[in-house]
Amino acid sequence: MKLHFRKYGEGQPFLILHGLFGSSDNWLTLGKKFSDKYQVYIIDQRNHARSPHSDSISYDLMADDIYELILDEGLNEIILLGHSMGGKTAMRFVQKYPHLIHKLI
């Protein structure tokens, strides 16, 4: 699934995943601040905000959505931050794709 995201800054990729019922808007202020040192991706997860909605939802699917975004953007050695539901998505992502992770927050 092609997720909606905003990208700020340059450098090592830093992906931020919001919590349940949240959106990328929740992380806008901090994301812009982090973009002083990193290339920040603030992401709307599936069934939230401006990303597509689907009848199917699971942490496996949400981790795969992040993987697709990473492939589309040509990223590696990422820093992945997740809050609440985003944290669970991030942990599942690391289980499935550990070779892409530099740090998990």
Which atom of [X] lies closest to which atom of [Y], heavy atoms considered:
X	Y	value
Leu75	Leu100	O-CD2, 4.2 Å
Tyr97	Ala63	CE1-O, 4.1 Å
Ala49	Ser23	CB-CB, 3.5 Å

Tell me, with the steps shown, if Ile78 and Phe14 meet side-chain contact (heavy atoms from CB on, under 4.5 Å). CA-CA 6 Å; Ile78 66 167; Phe14 187 145; over 6 Å; no

Look at the side chain of [X] and the backbone N and O of [Y], then say whether any donor-acceptor pair between them is shorter than 3.5 Å.
X	Y	value
Ser54	Ser56	yes
His83	His18	no
Gln12	Tyr38	no

Could you state whether [X] and [Y] fall into the same hydrophobic cluster, counting links through intermediate Ile, Leu, Val, Met, Phe, Trp or Tyr residues with side-chain heavy atoms under 4.5 angstrom apart?
X	Y	value
Tyr41	Met1	yes
Leu61	Tyr67	no
Tyr8	Ile105	yes
Met62	Leu3	no

Less than 4.5 Å apart, any side-chain heavy atom of Phe5 and any of Leu69? yes

Is there a side-chain contact between Ile101 and Leu80, using heavy atoms and a 4.5 Å cut-off? yes

Between Met91, Lys96, Arg92, which is the residue that forms a side chain to side chain contact (heavy atoms under 4.5 Å, CB included) with Tyr59? Arg92

Apply the side chain to side chain contact (heavy atoms under 4.5 Å, CB included) test between Phe93 and each candidate in Leu17, Asp64, Ile70; give the one that qualifies. Ile70

Report the distance from atom [atom1] of [X] to atom [atom2] of [Y], rounding to the nearest 0.5 Å.
X	Y	atom1	atom2	result
Arg50	Ile43	CZ	CD1	13.0 Å
Leu20	Thr89	CG	OG1	10.0 Å
Ser35	Lys7	OG	NZ	12.5 Å
Gln39	Ile79	CD	CD1	11.5 Å
Trp27	Phe34	CH2	CZ	6.5 Å
Asp65	Ser51	CG	OG	8.0 Å

Residue pair Asp44, Arg6: steps toward the salt bridge (charged side-chain N to carboxylate O under 4.0 Å, His left out) verdict: CA-CA 9 Å; Asp44 287 329; Arg6 302 173 205 194; 5.7 Å; no

Taking CD in Glu10 as the centre, count heavy atoms belonging to other residues, nucleotides or ligands within less than 6.0 Å. Is the count above 12? no

